[in-house]
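Structure record follows, encoded as structure tokens.
To find a chain, count down the sequence lines: A is the first, B the second, and so on, and within it residues start at 1.
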Amino acid sequence: MTTQTTPAPPVPATQTSRERAGRLFQQHGALLVLAVLLVAGTVAFDSFTTPANLGNIATASSFLAIIAIGMTFVIISGGIDLSVGSLFVLGGVLAAYGSRYGAAVALALPLVVCGAFGLVQGLIIARTRMAPFIVTLAGLLAARGLMLSLTDEGATTYLVEDDLFARIGQGGVFDVGYPFFVMLLVLAVAAVFLQRTGFGQNVYAIGGNEDAAALMGVPVARTKVVVYLVSGLLAGLAGALNAARLSSGVTILGIGLELDVIAAVVIGGTLLTGGAGTLGGTIAGALLLGVIQNLINQVGGLTSSFQQVVSGAFLAVVVVTHRVLGRVREDT
Amino acid sequence: MSGSPVPGGPVLEADGALKVFPGVTALDRISFALGQGEVHALVGENGAGKSTLIKVLTGVYRLDAGEIRYRGERVEFASPLEAQRAGISTIYQEVNLVPQMSVARNLFLGREPRSRFGLIDFAGMRERASEILRGYGVRSDVRRPLGSLGLGAQQMVALARAVQADARVVIMDEPTSSLEPREVDKLFRTIAELKEQGRSVVYVSHRMEELYRLCDRVTVLRDGRVVHTGPLAELERLRLISLMLGRNLAEVAAEGLTKFGGRHHSHAAPVLRATGLSRRHVLDGVSLAVRPGEIVGLGGLLGSGRSETAKAIAGALPLDSGEVAVAEKPVPGGSVAAAIRAGINLLPEDRKAEGIIPTLSVRENIVLAALPRLSRAGIVSEGDVDRVVETFMRRLRIKAAGPGQRVAELSGGNQQKVLLARWMAMNPKVLLLDEPTRGIDVGAKAEVQTLIDELAKEGLAVLLISSDLEELVEGSDRVVVLRDGAVVGELSGAEVTEEKIMAAIAGENDD
């Protein structure tokens with residue numbers, strides 16, 4: 001039996017302060033916690049606020065952040081992309097493999113293959129209306145299989161043989177690596193597309209109410225295809241950068257990374273139900289995970305696995321907070 | 001079908017339109033013509049084909065046969081977007097906008113104003129949105145999420161959105177169902193302006209006053225066919241209603257076509273008493289009483305508040321005010337569990353969505369609600385369950401291979417009996433039946449009707465909702481007629497005739 005939603009009481013002309021506080025926390029909560037942790041880290045550990053350490057956090061977080069930017073599009077559109085972890089690894093292997101033919105190939109090969117993965121997933125999701133969860137789970141398995149077959153079940157590790165390409169991953173300005181600047185560039189382009197173009201509006205509309213969006217004339221299928229294509233491309237890009245940084249296509253790092261990516265996006269205030277979220281929040285979420293990891297390393301005595309416990313607990317807090325704030329907003 | 005000339009020449013036409021869904025012909029080669037600058041009423045009961053026609057005209061569905069002509073040319077819109085670009089916009093009954101997005105973004109989605117470099121000009125968009133919406137009496141901050149506005153205001157945003165596009169044709173599907181009177185006035189003014197500008201409106205509504213006030217011509221659909229089209233002013237209200245309900249006034253004669261037995265008069269004190277049930281936009285002070293052994297029919301058109309009344313009594317619809325009492329004991333409102341405990345059971349209208357659980361067996365479906373009564377300390381007594389299931393399968397003559405058969409494999413009529421059995425197993429005092437025989441074949445229909453009759457004879461109080469006037473008249477001892485969420489008439493004894501019910505629906509007694 002369905003109950004109808006109660007008609008809203010007469011609406012005040014402007015947002016209530018409660019409402020605004022709720023929205024602010026949802027959008028900037030991750031940033032707030034990030035700032036608190038940075039201050040706490042500075043107070044607690046002398047070695048935390050050194051340029052080298054901060055640069056390290058920024059660089060190390062950029063790979064996750066780049067993938068999370070793509071995932072933000074996907075989740076805002078109401079979908080999910082589980083294949084990005086596998087595509088990240090596959091992209092790394094392909095980049096290392098391709099580096100023997102020069103930097104251009106090392107960069108292009110993972111983009112083309114991972115982009116194709118994303119494109120096919122997007123087409124299947126958009127055309128057959130199958131659940132993104134299942135389609136990208138299939139993509140996860142397929143990409144992992146392809147990666148394993150390229151590396152003889154992981155036995156072969158390709159080394160990066162092009163110095164120019166390796167420098168993209170290893171070089172930097174002062175203590176901040178180039179991957180961080182690549183991430184900023186991707187962020188800038190993505191933010192313009194999400195916030196200032198019709199495509200971005202369509203992504204929000206589809207995630208908010210897909211049927212309504214279709215009836216309002218939004219090209220639903222095309223938008224979804226692009227969203228998954230972007231997600232695949234960015235996972236490939238992050239994989240390539242990671243290979244450049246490590247000088248090899250490592251076959252084990254990044255298994256299960258999709259879950260960290262989703263966590264970063266959700267911590268950043270994007271609703272898993274779709275229709276709402278910001279890229280700024282996602283970046284804050286990714287940096288937050290990086291800072292938590294770094295702080296736990298600073299503590300010493302705790303294994304880095306403990307980072308996942310903390311991240312998981314934090315994610316739970318965020319999700320519950322969303323739910324509570326959502327209810328507050330419905331009540332007002 | 002009367003072929004009246006189309007005023008101003010047709011702007012949008014359907015010719016021989018055929019649309020078939022699995023198992024049902026939604027549109028049976030119908031023809032429809034919308035004139036330039038006219039307001040055209042599209043009416044019909046549930047399942048008549050109105051929504052399908054609208055969706056075919058606006059590119060949501062493709063025709064199986066026949067053609068759509070727009071401004072004299074054959075068109076095949078592949079999507080709502082194409083139809084909108086061509087100048088046909090639609091306001092759907094359920095507000096079909098994106099609640100999380102801001103008011104301004106909803107208003108401009110798909111045609112956002114652009115600044116240099118082709119980027120969206122948000123400042124300009126907000127400014128224009130505020131300006132446009134002020135004209136519709138919406139003064140909220142346009143940066144607010146649409147979902148935080150009242151339903152009426154949301155509907156006005158949908159209206160503004162549909163009209164601001166350079167639409168030649170605006171299709172409105174029950175636009176007033178969630179509007180306040182002030183907003184309705186604004187809507188009517190907007191429609192008048194559209195008409196003056198030579199634009200055309202298709203207006204779907206069940207509210208007779210609105211139809212006669214606004215519309216030039218009317219097309220009546222029934223069972224996927226056009227049963228009448230012509231100027232509205234020449235058509236009497238009663239005639240219009242009889243066309244919608246498919247009852248020929250001359251033919252109305254109680255011939256005992258249904259399987260209901262005679263009337264069972266009852267003078268016992270009412271077991272169910274509902275007083276002043278009210279909910280904004282939905283119910284307006286509905287009161288009724290049902291005695292044990294009595295079948296009370298609820299009459300009225302679609303959207304008149306019949307199902308809502310039943311749901312309110314069953315605790316499934318939150319109320320602003322009003323009280324339900326069983327045997328003079330008030331039932332706490334807004335709780336289905338409390339209503340069930342009090343002995344009120346609802347057989348919902350949409351048995352697929354709200355009733356049966358198709359993947360479970362007949363046995364499980366029957367005892368689902370009664371499990372608490374069939375268990376001790378949380379442990380279900382299998383023996384008791386078997387006995388209950390066996391009893392009701394025999395008593396309601398449920399045709400299934402056995403208690404273990406999945407309900408999905410049964411016919412519609414037997415599914416309905418399984419649902420009836422579920423509620424009978426609860427030993428109810430009051431049974432609310434919402435369209436109990438819709439969508440089941442003739443034979444099963446007769447059986448279900450016989451059953452309802454038997455149940456009433458055994459002392460159950462039954463509230464019967466049916467769009468089938470014949471069923472309503474022959475099944476009910478009394479009929480309460482609703483219009484726009486309020487009781488507009490109550491008929492009993494010899495007064496219970498199709499004519500009287502239709503007259504009450506048409507409002508011929510009160511104005």
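Among B/R114, B/R85, B/R105, the residue with the largest count of heavy-atom pairs under 4.5 Å with chain A is B/R105.
Other residues, nucleotides and ligands contribute only 12 or fewer heavy atoms inside 6.0 Å of the CZ atom of A/F193.
Counting heavy atoms from C-beta outward, B/L109 and A/N202 have side chains that approach closer than 4.5 Å. Considering only heavy atoms from C-beta on, A/L215 comes within 4.5 Å of B/V60 through its side chain.
In terms of heavy-atom proximity, B/I120 sits nearest to A/Q201 at CD1-CG, 3.4 Å. The two residues B/P80 and A/A214 have their closest heavy-atom pair at CG-O, 3.4 Å. Of all heavy-atom pairs between A/R196 and B/S115, the closest is NH2-OG, 4.2 Å. In plain terms, the two heavy atoms of A/G208 and B/P99 that are nearest each other are O-CD, 4.4 Å.
Considering CD of B/Q100 and CG of A/N209, their distance stands at 7.5 Å, rounded to 0.5 Å. Annotation: the span from B/L119 atom CG to A/Q195 atom CD amounts to 11.5 Å, rounded to 0.5 Å. A/M216 contributes atom CE, which lies 8.0 Å from atom CZ of B/R111 (distance to the nearest 0.5 angstrom).
With a threshold of 4.5 angstrom between heavy atoms, B/T90 does not approach chain A through any atom at all.
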